[in-house]
Amino acid sequence: MLTSPSFDRTDKLLAWYDRHHRILPWRVTPTEQMRGAKPDPYRVWLSEIMLQQTTVEAVKSYFTAFVERWPDIEAMAKASEDDILRAWAGLGYYSRARNLKKCADLVATQYSGKFPASTAALKELPGIGDYTSAAIAAIAFGEPAAVVDGNVERVISRLFAIDTPLPAAKTQIRALMGDMTPPARPGDFAQAMMDLGATICTPRRPACAICPINEGCKALGEHDPEQFPRKAPKAQKPVRTGAAFIAIADDGSILLRKRKGEGLLAGMTEVPGSGWTARIDGDASIEAAPFPAGWVASGVITHVFTHFELRLSVYSARNIARHTAEDGWWSAPEELGGEALPTVMKKAITAAIPGAFKQQAKRH
DNA sequence: GAGTCGTGGGT
DNA sequence: TACCCAAGACT
């Protein structure tokens with residue numbers, strides 16, 4: 001008799017997930033769910049925001065620290081945005097942290113501390129778009145939503161050998177994902193597709209021989225799976241220059257200030273510098289100094305952002321009197337690690353003060 | 001649809 | 001080395 005290929009695939013993938021799912025701090029395993037445990041919408045939401053364009057390994061320690069400090073939405077709503085930004089520092093894409101706080105406030109006040117359960121309502125919340133709304137609805141609330149992230153795009157574009165390049169193919173991919181998603185266990189199915197993409201159907205050298213749904217994979221049968229998904233070539237990134245000034249007081253404190261606006265690194269902490277942007281070079285010379293002092297060239301650091309590369313000339317001066325600074329604040333050496341300093345700023349400070357940030361060993 | 005928005009790891 | 005890429009959202 002005829003069997004439905006899509007049902008076969010869905011069934012096989014769920015069976016594979018039951019045996020081979022990754023163990024992750026935010027995940028409730030199939031076994032735990034069978035014993036009655038349910039995913040906490042707050043933890044699902046927090047993990048999904050952190051995971052946007054960010055590797056699982058990078059997220060783990062941040063997620064653990066966040067849920068320890070803010071165990072529920074009410075706790076996070078009580079926190080200040082600056083507290084959130086300090087805890088988020090280093091994870092990147094800082095608008096996520098600002099939207100995290102906005103969303104926590106909204107859910108706490110407008111939804112009585114309970115996340116709305118549908119993709120449509122979730123998508124209205126700040127920082128929650130097509131992917132995240134579907135992921136939360138499927139994982140936390142059992143809605144059979146089509147969860148499409150980069151992994152799913154890759155898996156489906158290979159299964160069906162989709163020649164349309166991304167992102168134009170996204171509508172078609174979402175429809176196909178919707179067809180495959182089962183009414184039962186939609187959250188596990190979504191996570192199964194993502195685990196498959198992360199561990200088997202990888203961007204390069206996919207392990208097709210051990211793929212649980214390799215049967216009927218069009219890319220495997222007729223093409224080179226590695227050639228999917230098709231993507232438009234990306235533009236090269238320009239190189240920008242600028243200057244950063246490390247003003248050091250007699251007790252070792254460093255002068256910091258807060259970045260304004262809503263764009264790059266908005267709301268984060270920085271050292272004084274020239275006004276570089278993604279599009280415009282800043283003054284890389286000592287003339288950009290915030291005030292006269294015995295500035296000494298302390299090297300040039302390079303930092304690569306998503307769409308441009310920044311070369312910062314770093315200058316430092318010691319024994320600066322505190323009243324010299326007109327704005328900002330002085331941060332003592334032992335407080336520096338707790339500031340909302342993005343990585344590019346930590347690099348600049350380290351160029352002038354090699355021991356400023358003692359790296360703590362990561363446990364694996 | 002195309003830009004903007006971080007960072008670290010892998011090849 | 002110089003790329004590529006990772007559970008995208010927002011404008």
Side-chain angles (χ1 to χ4, degrees), chain A residues 21-22 24-27 43-63 85 88-100 102-103 122-136 138-140 145-155 165-171 174 177 187 189-199 202-205 226 229 231-239 259 261-268 277-279 302-310 340-347 359 362 364:
Chain A
H21 62 82
R22 290 179 288 175
L24 302 170
W26 48 85
R27 179 173 282 177
R43 294 167 62 95
V44 174
W45 163 71
L46 179 59
S47 65
E48 292 300 345
I49 300 297
M50 287 184 165
L51 286 162
Q52 289 168 4
Q53 293 291 287
T54 307
T55 58
V56 163
E57 282 309 311
V59 166
K60 282 181 179 173
S61 63
Y62 282 87
F63 177 81
L85 287 176
W88 195 278
L91 201 53
Y93 286 136
Y94 298 100
S95 67
R96 292 184 297 173
R98 288 181 265 124
N99 284 330
L100 195 76
K102 287 184 193 170
C103 186
L122 286 162
K123 201 178 161 184
E124 296 299 313
L125 295 168
I128 299 181
D130 287 332
Y131 162 77
T132 305
S133 60
I136 297 173
I139 296 169
V147 180
V148 179
D149 75 326
N151 290 302
V152 173
E153 288 176 350
R154 184 170 57 257
V155 171
L166 289 171
K170 200 156 184 177
T171 302
R174 189 177 295 111
M177 183 62 176
F189 179 76
Q191 293 176 92
M193 286 285 280
M194 293 189 278
D195 276 21
L196 187 77
T199 63
T202 50
R204 285 174 301 255
R205 297 178 55 115
E226 208 166 304
K231 284 185 182 177
K234 50 187 65 175
Q236 66 174 39
K237 44 188 72 174
V239 177
R259 288 176 66 88
E262 300 185 341
L264 187 73
L265 308 179
M268 299 298 285
T277 72
R279 292 179 169 276
T302 295
H303 188 77
V304 181
F305 293 96
T306 305
H307 51 300
F308 72 103
E309 179 178 323
L310 180 64
L341 288 164
T343 298
V344 60
M345 292 300 156
K346 288 188 175 178
K347 283 187 188 176
Q359 65 281 16
K362 283 183 184 173
H364 286 290

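Within every chain, numbering begins at 1; the chains are lettered A, B, ... in the order of the sequence lines, protein sequences first and strands thereafter. Just so you know, these numbers use all the heavy atoms, side chains as well, and skip hydrogens, waters and symmetry mates.
- For A/Phe308 against A/Leu264, the heavy-atom pair with the smallest separation is CZ-CD2, 3.8 Å.
- Across all strands, A/Val304 comes closer than 4.0 Å to base atoms (heavy-atom distances).
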Extract from the structure each pairing of a protein N or O with an N or O of nucleotides 1-4 of chain B at less than 3.5 Å, listing the distance.
unit_1: B/dT4; atom_1: OP1; unit_2: A/Arg279; atom_2: NE; d: 3.0
unit_1: B/dT4; atom_1: OP1; unit_2: A/Arg279; atom_2: NH2; d: 2.7

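- Closest to the A/Lys234 side chain, of the nucleotides C/dC4, C/dA6, C/dA7, is C/dC4.
- Between A/Arg154 and C/dA6 there is a side-chain polar atom (N or O) within less than 4.0 angstrom of OP1 or OP2.
- Closest to the side chain of A/Leu24, from the set B/dT7, C/dA7, C/dC5, is C/dA7.
- Taking 4.0 angstrom as the limit, A/Tyr94 places a side-chain polar atom (N or O) nearer than this to OP1 or OP2 of B/dT7.
- Here the straight-line distance linking atom CE of A/Met268 with atom OG1 of A/Thr343 works out to 8.5 Å at 0.5 Å rounding.
- Taking 4.0 angstrom as the limit, A/His303 places none of its side-chain polar atoms (N or O) nearer than this to OP1 or OP2 of B/dG6.
- Contact check, A/Gln53 against C/dG8: a side-chain N or O comes under 4.0 Å of OP1 or OP2.
- Here A/Asp130 does not pair with A/Lys170 in a salt bridge; the nearest charged N to carboxylate O distance is not below 4.0 Å.
- Atom NZ in A/Lys347 sits about 9 Å away from atom C1' in B/dG8, given to the nearest Å.
- B/dG6 atom P lies 9 Å from atom CE of A/Met268, rounded to whole Å.
- Distance check, rounded to the nearest 0.5 Å: CZ of A/Phe305 to CG of A/Leu310 gives 5.5 Å.
- When rounded to the nearest whole Å, the span between CG of A/Leu166 and P of C/dA6 equals 11 Å.
- If you measure from atom CG of A/Leu341 to atom C1' of B/dT7, you get 15 Å, rounded to the nearest angstrom.
- Distance noted for atom P between C/dT11 and B/dG6: 14 Å (whole Å).
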Before giving the answer on side-chain contact (heavy atoms from CB on, under 4.5 Å), spell out for A/Trp88 and A/Met50 the whole-Å C-alpha distance, their side-chain angles and the decisive distance to 0.1 Å. CA-CA 9 Å; A/Trp88 195 278; A/Met50 287 184 165; 3.7 Å; yes

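- Across the protein-nucleic acid pair, A/Leu91 atom CG and B/dG9 atom C1' stand 14 Å apart, rounded to whole Å.
- Looking at A/Arg22, its side chain comes within 3.5 Å of the base of C/dA7 through a donor and an acceptor atom.
- Not a single donor-acceptor pair, N or O on each side, falls under 3.5 Å between the base of C/dG8 and the side chain of A/Thr54.
- Taking only side-chain atoms of A/Ala198, from C-beta outward, the nucleotide of B/dG6, B/dG8, C/dA7 with the closest atom is C/dA7.
- Among the atoms of the strands shown, none is found under 4.0 Å from any heavy atom of A/Trp88.
- Interatomic distance, A/Ile139 CD1 to A/Thr132 OG1, rounded to the nearest 0.5 Å: 10.0 Å.
- Taking every heavy atom of both residues into account, A/Ala134 and A/Ala146 meet most closely at CB-O, 3.5 Å.
- For A/Ile49 and B/dG6, the CD1 to C1' distance is 16 Å, given to the nearest whole Å.
- Nucleic acid contact class of A/Gly90 (heavy atoms, under 4.0 Å, all strands): sugar-phosphate only.
- Across all strands shown, A/Val56 has heavy atoms under 4.0 Å from base atoms, whether or not it also approaches the sugar-phosphate.
- Distance check: A/Arg22 CZ to A/Thr199 OG1 gives 6.5 Å after rounding to the nearest 0.5 Å.
- No donor-acceptor distance shorter than 3.5 angstrom exists from the side chain of A/Tyr62 to the backbone of A/Ser47, with no hydrogens or angles considered.
- Considering CE of A/Met194 and NE2 of A/His21, their distance stands at 14.5 Å, rounded to 0.5 Å.
- Taking atom CZ of residue A/Arg96 and atom P of nucleotide B/dC5, one finds them 15 Å apart after rounding to whole Å.
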Give each protein N/O atom lying under 3.5 Å from an N/O atom of nucleotides 9-11 of chain C, with the pair distance.
unit_1: C/dA9; atom_1: OP1; unit_2: A/Gly129; atom_2: N; d: 3.0
unit_1: C/dA9; atom_1: OP1; unit_2: A/Thr132; atom_2: N; d: 2.9
unit_1: C/dA9; atom_1: OP1; unit_2: A/Thr132; atom_2: OG1; d: 2.8
unit_1: C/dA9; atom_1: OP2; unit_2: A/Asp130; atom_2: N; d: 3.4
unit_1: C/dA9; atom_1: OP2; unit_2: A/Tyr131; atom_2: N; d: 3.2
unit_1: C/dC10; atom_1: OP1; unit_2: A/Gly127; atom_2: N; d: 2.4

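- Rounded to whole Å, the distance from CD on A/Gln236 to C1' on C/dA2 is 12 Å.
- The P atoms of B/dG3 and C/dA7 are separated by 24 Å, rounded to the nearest whole Å.
- Considering CZ of A/Arg96 and SG of A/Cys103, their distance stands at 14.0 Å, rounded to 0.5 Å.
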